[in-house]
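Data first, discussion second: the structure below is written as structure tokens.
Labels below follow one simple rule: chain letters A, B, ... track the order of the sequence lines, proteins then strands, and each chain is numbered from 1.
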Amino acid sequence: MSARPYRVRFAPSPTGYFHVGGARTALYNWILARQHEGTFVLRIEDTDEARNKPEWTEGIISALAWIGVEPGTYEGPHFQSEYAATHLDAARKLFDDGNAYYCDCTQEAVRQRVGPNKGYDGFCRDRQLGPAEGRPLRFKVPQPGSTTVVDLIRGEPVFDHDTIEDFVLLRGNGTVMFLLANVVDDMAMNISHVIRAEEHLPNTPKQQLLWKALGAEPPTWAHVPLLVNEKRQKLSKRRDPVAMEMYRDEGYLADAMKNYLMLLGWNPPGDEEIVPWSLVELSFKLEDVNSSPAFFDVRKLRAFNADYIRKLSVDDFTEACRPWLTGDKAPWSVERFDPAAWERMAPLVQTRVEVLGDVPGMVDFLFDEPTRDDASWAKAMAAPAPALLDDVIDTFEALQPWTADALKAELELIGTKHGLKLGKAQAPVRVAVTGRSVGPPLFEAL
RNA sequence: GGCCCCAUCGUCUAGUGGCCUAGGACACCACCCUCUCAAGGUGGCGGCACGGGUUCGAAUCCCGUUGGGGCUGCCA
């Protein structure tokens with residue numbers, strides 16, 4: 001275990017969206033830094049030109065802020081590209097110390113020698129080649145030997161060196177590879193704990209070898225379980241809904257999202273799953289994180305979100321809905337929105353939505369022509385509905401005072417006249433007014 | 001192919017050798033409540049992958065099998 005002051009880093013690559021798995025590791029790092037009064041470092045892995053757009057970095061920062069990691073409360077953002085010179089220095093030192101060598105093998109030549117399923121064979125290890133255009137620099141993996149990775153979650157997996165090829169440090173064009181850059185950055189930043197997804201575990205022995213060859217004590221590692229889809233595959237942008245921005249835009253509450261994310265691979269003490277964030281911060285321990293992958297279940301997330309919405313005060317709920325009612329997201333024209341009507345409806349809507357994005361669909365009949373659900377219409381308008389509706393119109397037009405209780409009493413009377421209980425009698429009225437057969441309580445809505 | 005990781009209800013998990021006849025949550029089903037739909041309440045369905053050990057005793061420890069996943073780039 002490291003005796004260094006606690007410094008952790010979250011190092012996403014700017015790819016245009018913020019992955020839910022990344023959000024979870026960010027949270028882990030963030031909590032741990034706070035628990036140990038250490039430092040949380042945000043470093044953007046931007047060495048790939050194709051992934052280096054300023055707005056993407058902004059996206060990462062704003063998504064972090066959404067889940068409570070506010071700019072100003074952490075160190076950064078740092079950019080990997082800022083360390084380019086340091087990367088090259090490290091490569092030179094590795095070469096000078098005899099821990100790395102240049103290689104002039106073509107990929108075809110290597111494949112011919114070793115076959116299709118094997119890595120590089122170390123052909124140039126002792127050829128004493130110097131640097132030249134087109135020659136990659138390779139790390140000389142100590143042979144024979146083995147590396148034990150001490151991992152807070154995985155135990156101590158051992159990797160035999162003869163299964164690790166002499167991997168490339170510098171490309172033939174002289175640019176640095178991610179693996180080296182990552183190690184050098186972590187060293188330069190004095191990172192004490194590297195907490196990241198399990199997919200990086202197989203690279204860890206290589207990185208650990210690099211730390212040692214560069215004369216430093218490796219950090220404490222922790223590889224957290226992957227988040228997977230229903231087919232148990234790593235969540236990917238292409239086939240799975242993984243962008244935090246998307247959940248935010250659909251009306252998930254940050255607190256619900258955070259709570260749910262923390263439950264994947266870990267759970268708080270006690271019987272409750274929905275817990276205040278303060279308890280999470282207090283009781284989270286890396287050692288308690290499981291090692292098996294977890295399915296990211298949107299249905300459970302929705303249930304959590306619904307619960308968090310219900311726990312909001314009516315005022316907070318009303319406020320939280322604003323973007324969906326009066327902003328760009330509102331499906332009706334803004335002038336027709338009536339805040340007073342919405343205020344009366346809000347508590348009724350609150351127990352009926354799972355995400356804030358569902359709210360407009362619940363109250364649209366107040367501010368717009370209702371969109372008619374044809375199936376409901378056909379079902380509700382069968383006889384004796386038309387006759388009943390005529391009576392309803394006559395009665396309601398004259399009704400004083402116009403209150404939910406009075407409306408209900410009147411409809412009950414009319415229903416009896418047509419041989420219908422209230423449950424049946426309300427259906428045609430509801431469909432006529434809201435366009436649908438389900439929705440908030442009818443008489444309050446009227 | 002090689003290396004590594006993983007394995008408790010459908011899903012997320014509790015469980016660290018006796019408190020386990022395996023607990024909770026989501027989902028699902030039923031009932032109650034009810035103007036629809038929700039919410040709320042009550043109950044139900046459902047699991048230790050398999051085979052060997054170790055032990056008085058195993059979901060828990062060991063080995064193997066099977067299954068799943070990740071990595072295996074001059075990507076990050």
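In this structure, Glu165(A) reaches the sugar-phosphate backbone alone: every heavy-atom distance under 4.0 Å involves primed, P, OP1 or OP2 atoms, never a base. Within 4.0 Å (heavy atoms only), Gly265(A) reaches sugar-phosphate atoms of the nucleic acid but no base atom. The residue Pro136(A) sits close to a base: some heavy atom pair falls under 4.0 Å.
Between Arg111(A) atom CZ and rC74(B) atom P the separation is 10 Å, expressed in whole Å. Rounded to whole Å, atom P of rC6(B) lies 9 Å from atom CG of Leu201(A). Atom CZ of Arg24(A) and atom P of rC12(B) are 12 Å apart (whole Å). Counting to the nearest Å, the P atom of rC12(B) and the CG atom of Asn229(A) are 11 Å from each other.
RNA chain B is contacted by both Leu170(A) and Lys118(A); Lys118(A) maps to the nucleotide lying nearer its 5′ end (nearest heavy atom per residue). Take the nearest nucleotide of RNA chain B for Pro157(A) and for Tyr120(A): the residue whose nucleotide is more 5' is Pro157(A).
Of all the residues in residues 173-188 of chain A, Met177(A), Phe178(A) reach under 4.0 Å from RNA chain B with at least one non-hydrogen atom. For RNA chain B, no neighbouring residue in residues 237-247 of chain A is found when judged by any heavy atom under 4.0 Å.
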Can you check each nucleotide of nucleotides 26-47 of chain B against protein heavy atoms at under 4.0 Å and return B for base, S for sugar-phosphate only, - for none, in 5' to 3' order?
SS-------BBBBSS-------
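The closest donor-acceptor contact from the side chain of Arg302(A) to the backbone of Tyr252(A) lies at 3.5 Å or more, if one exists at all. The backbone N or O of Val141(A) sits less than 3.5 Å from a side-chain atom of Asp166(A), completing a donor-acceptor pair. A donor-acceptor pair under 3.5 Å is absent between the side-chain atoms of Asp240(A) and the main chain of Val242(A), judged by distance alone.
For the pair Asn290(A) and rU13(B), the criterion of a side-chain N or O lying under 4.0 Å from OP1 or OP2 is met. Contact check, Lys234(A) against rC71(B): a side-chain N or O comes under 4.0 Å of OP1 or OP2. Residue Arg302(A) has no polar side-chain atom (N or O) positioned under 4.0 Å from OP1 or OP2 of rC12(B).
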Evaluate the side-chain hydrogen bond (donor to acceptor under 3.5 Å, both in side chains) criterion for residues Asp405(A) and Thr403(A): first the C-alpha distance (whole Å), next the side-chain angles of each, then the deciding distance (0.1 Å), finally the verdict.
CA-CA 5 Å; Asp405(A) 286 344; Thr403(A) 66; 5.6 Å; no
Under the side-chain contact (heavy atoms from CB on, under 4.5 Å) criterion, do Phe317(A) and Val314(A) qualify, and how do the steps go?
CA-CA 5 Å; Phe317(A) 173 69; Val314(A) 177; 5.6 Å; no
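Using the six-membered ring where Trp is involved, His223(A) and Trp221(A) have ring planes that are parallel, under 30° apart on the 30 and 60° scheme.
Rounded to the nearest 0.5 Å, atoms CZ (Arg171(A)) and CG (Leu137(A)) are 12.5 Å apart. How far CD1 of Ile195(A) is from CG of Leu286(A): 5.0 Å, rounded to the nearest 0.5 Å. Taken from NE2 in His87(A) to CG in Leu169(A), the straight-line distance is 11.5 Å, to the nearest 0.5 Å.
Tyr120(A) has its side chain within reach of Cys103(A): a pair of non-hydrogen atoms, C-beta onward, lies under 4.5 Å apart. Looking at Lys237(A) and Thr15(A), their side chains never come closer than 4.5 Å, going by heavy atoms from C-beta outward.
Comparing rA14(B) with rG53(B), their C1' atoms sit 28 Å apart, to the nearest whole Å.
In this structure, rU36(B) forms no base pair with any nucleotide, since neither Watson-Crick nor G-U wobble geometry is met with both distances under 3.5 Å. The partner of rC31(B) is rG41(B), judged by Watson-Crick or G-U wobble contacts that both fall below 3.5 Å. Checking rA14(B) for Watson-Crick or G-U wobble geometry (two distances, each under 3.5 Å) identifies no partner in any strand.
Taking each heavy atom of Asn259(A) and Glu273(A) in turn, the nearest pair found is ND2-O, 3.0 Å.
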